[in-house]
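Residues take their numbers from the sequence shown, with the count starting at 1. Just so it is clear, the structure is predicted and the values come from calculations on it, not from any experiment. Each ligand, and each atom within it, is numbered from 1 in the order the structure gives.
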Amino acid sequence: MKKVALVFVLAVFLPSLVLAWLAVRSLRDQQFVLERQQSLLYQSLADSVAKEAASLLAEHQREFARQVEAMLGENKATEVADSFDRRLRRDWRLADVGFAVSLDGQVYSPNVFDGTEAWRFRLENEKFLCSRESVQVYWNSPKGPINLSLADDPKAQNDAASGAQLPAANNPTLSGGAGKLSKDQKLLRNVEPQQVQQAMDNQAYSKVAPSEAEFRQLIGDSTEGTVARFLQNKLNLMFWYRSPRDPQLVFGALINLPHLAEALQRVVKIDTALLSDEICVALLDDHARPRAQTTLFETDWKHPFVATEIGEALPHWEVAVYLLNPARLSQSARTLKLTLGLLIAVLVLAIGVGGWLIVADLNRQLTLARQKTDFVSNVSHELKTPLTSIRMFSELLADGRVLEKEKQRSYLNIITAETARLTRLINNVLDFSRLERGEKKYNFAKCDLAGVVQETVETYRPHLEANGFKLECAPPESPLSVNGDRDALAQIVVNLLSNAEKYSNDRKEVRVETRRQSQPLPHVEVRVLDRGFGVPQGCEEKIFEQFYRAHDSLSSGIQGSGLGLTLARQIARAHGGDVVCQPREGGGSCFTLRLPAAPISTTN
Ligand code: ADP
């Protein structure tokens, strides 16, 4: 048994405790896991909105190139360059200022006398655009290199105007194979590598790292791009474009940021309706001010849940995601933790209880197996003892060696008693097996329980008195009517009397009482009381289990099968009653058979 318990603890209980401990440990990280899952989800949303914003910017950039090509039309490039600022501002609402510079540092547009904005633009940007100073810029030039051979090809010009893709500017292999280069460009090629490489390295580490460069350097041999720089803490975003018709001229526009932000509003959206109850997506400018947002909502805009930068074209502008109810995350983490915790507790409890039940059942089965073995040896012994006496006394009588009448009667009495004992034992065993198989049949009929008890006691009296017992049986004043099987009820009384005899010591007193009781329901009782050893404490219920013996044959020397009380109780229960055991005041035990009283017949 101990071995089974040990195996269970080692094979089932300990591993499940370890698993539960691991599960509880993993619960501690639930909030982190949830946050991580949500941040991954929202990060991908922010990324896609930022990507859309970047492609919208690229779209505007292409539109700018188209504007320039449209203005150039059949006109001479330098003429267009002279009036570029005025015409661009008139035709394109995203432009604050339009500029046209040549690569050798001549500014065509804007004219300083065309208003304060033009004047300020020249003041702030002229040196940079003319490549006379290096400044900190964020730049990108997605298209290039320019193919100078296209300058005279009208079809190629059209392609350029419609935004047809050219090979990547930053790809050195493609740049290298780009055909003829102008003298200036060759010169640029010679001075560029370290600085351009540095700028490209910066880009690799941070998408929006600024780098120090001259305008000509960052133009390189590309056809178009963006340049952003901060002047007095204010972002200046410029688009620039070189037409294949006159690559020496660079046309550009200082972008009106409020108008651009307005245009970007349409990409700031949440596609999934479910998410719009949980988050707000906002477009933040370089001062972390919301320029567009999906939900009207106020928060500390500087601390988004996740954010993605738009890129070099709009440095420090971000698409940010905010949780509308930040407490919900910890709430759901708490709920999840609680649910999983409860689940683990229930599982461990179930394993514990299940294990305990299995061990208890195993224990019961082992005890039963042991009791069955004891039963076989007990029954064999019980059969052998009366058989020996019967054989011995009947041989003596048969041989005619006992002549005294008194002795002959005594021997015959012994033979009768032993035969009765054998019959009782065999009846018990047979009845038990019938009950076990569910084959036991009762002949229910209305009968007087007091009469049945009286008859049984009187049959048993000679045997008890012959063994020195004082037997009292007080008959009730009136019959005790029950609905039952007379023989089965008599068997209960015989078993109880037989036990009273077996488990008595020096005080050989047996008393049988029959009475009517009205509480809690009308019923009748038969009590068999003795002054014997008494039932050991704690065994009052166990003695009714099959094969259970509180007084072991080996230690007490009292023979028995452990079936008498089991049968008594089963028969009583089949009659709607029960047999119970109580200690008797003054020593000994009291066994009570209770049966429901039969309804009194009202026949006249
Ligand atoms: P058994 O054949 O062993 O007597 P029973 O089912 O009749 O089987 O009784 C079960 C056990 O109950 C007995 O082994 C004994 O220990 C205990 N018992 C029964 N009757 C008495 C009694 N009158 N006094 C003390 N113990 C009793």
Task: Shell of residues surrounding ligand 1, defined by a 4.0 angstrom heavy-atom cut-off that is strict - done: Asn499, Lys502, Tyr503, Asp530, Gly534, Val535, Ile543, Tyr548, Arg549, Ala550, His551, Gly560, Ser561, Gly562, Leu563, Gly564, Leu565, Ser589, Phe591

Task: Ion pair Lys269/Glu52, N-O distance below 4.0 Å - done: yes

Open item on the list: So that I can tick it off, tell me whether Lys470 and Glu465 are bridged by a salt bridge, with the cut-off set at under 4.0 angstrom between side-chain N and carboxylate O.
Closed with: no

TODO: Using distance alone, with no hydrogens and no angle criterion, decide if Gln43 and Asp47 have a side-chain donor and acceptor under 3.5 Å apart.
DONE: yes

Open item on the list: Quick check against the 3.5 Å criterion: does His523 have a side-chain atom that pairs as donor or acceptor with the backbone of Leu521?
Closed with: yes

Task: Glu458/Arg461 salt bridge by N-O under 4.0 Å criterion - done: yes

Task: Which residues share a side chain to side chain donor-acceptor pair (under 3.5 Å) with Thr592, sequence neighbours left out - done: none

